[in-house]
Amino acid sequence: MKRRARTRRLIELGGLIVKARLDVLVDDDRAAIYGALLGIVQQGEGERREGLVALWRRKGKRAFEVETIGGD
């Protein structure tokens with residue numbers, strides 16, 4: 001991945017953390033954010049992966065739709 005594309009991807013992913021308010025939830029504690037993300041990855045490993053990813057995708061799509069409708 002080229003540097004510019006990688007930088008854009010990292011910015012977008014960081015934006016999602018802020019959009020989800022994970023930073024606010026943990027008072028901007030980077031260790032806590034990283035730990036939360038590692039916990040999510042652990043949950044998604046194994047047999048439950050497909051179901052969890054589908055659930056997360058539905059929640060994310062709904063949130064994007066509400067945001068679009070609400071004008072944020």
Side-chain angles (χ1 to χ4, degrees):
M1 181 178 292
K2 298 212 181 224
R3 185 175 178 177
R4 184 174 293 205
R6 181 180 182 276
T7 299
R8 179 181 174 98
R9 180 173 179 261
L10 292 173
I11 290 168
E12 288 173 347
L13 293 172
L16 291 173
I17 288 172
V18 171
K19 207 177 262 286
R21 298 181 44 85
L22 181 56
D23 61 324
V24 174
L25 181 67
V26 299
D27 295 326
D28 206 24
D29 181 336
R30 279 142 177 84
I33 292 170
Y34 188 40
L37 294 171
L38 290 173
I40 291 168
V41 169
Q42 284 179 328
Q43 284 181 355
E45 292 176 340
E47 296 174 14
R48 298 176 28 183
R49 180 182 183 274
E50 286 184 37
L52 280 172
V53 171
L55 173 66
W56 297 336
R57 185 175 293 116
R58 284 192 306 272
K59 285 184 176 186
K61 284 182 178 181
R62 274 190 232 124
F64 279 135
E65 289 170 3
V66 167
E67 180 181 294
T68 301
I69 293 168
D72 289 340

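From a predicted model like this one, the values you see are computed outputs, not experimental measurements.
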Please indicate whether Glu50 has more than 12 foreign heavy atoms, meaning atoms of other residues, nucleotides or ligands, lying under 6.0 Å from its CD. no
Spatial distance of atom NZ (Lys2) from atom CZ (Arg6) [nearest 0.5 Å]: 15.0 Å
Supply the atom-to-atom distance Lys61 NZ to Arg58 CZ, rounded to the nearest 0.5 angstrom. 10.0 Å
Within this structure, what is the CG-CG distance for the pair Leu16 and Leu22, rounded to the nearest 0.5 Å? 11.0 Å
Calculate, to the nearest 0.5 Å, the distance between atoms OG1 and CZ belonging to Thr68 and Phe64 respectively. 8.5 Å
So do Arg4 and Thr7 actually touch side chain to side chain, heavy atoms under 4.5 Å? no
Is there a chain of hydrophobic side chains (I, L, V, M, F, W, Y, each step under 4.5 Å between heavy atoms) that links Tyr34 to Ile40? no
CG/Leu25 to CD1/Ile17 distance, rounded to the nearest 0.5 angstrom? 12.0 Å
Look at the side-chain heavy atoms of Ile, Leu, Val, Met, Phe, Trp and Tyr, link any pair under 4.5 Å apart, and say whether Ile33 and Val18 land in one connected group. no
Test salt bridge (Lys or Arg N to Asp or Glu O under 4.0 Å) applied to Asp28 and Arg30, step by step: CA-CA 6 Å; Asp28 206 24; Arg30 279 142 177 84; 3.2 Å; yes
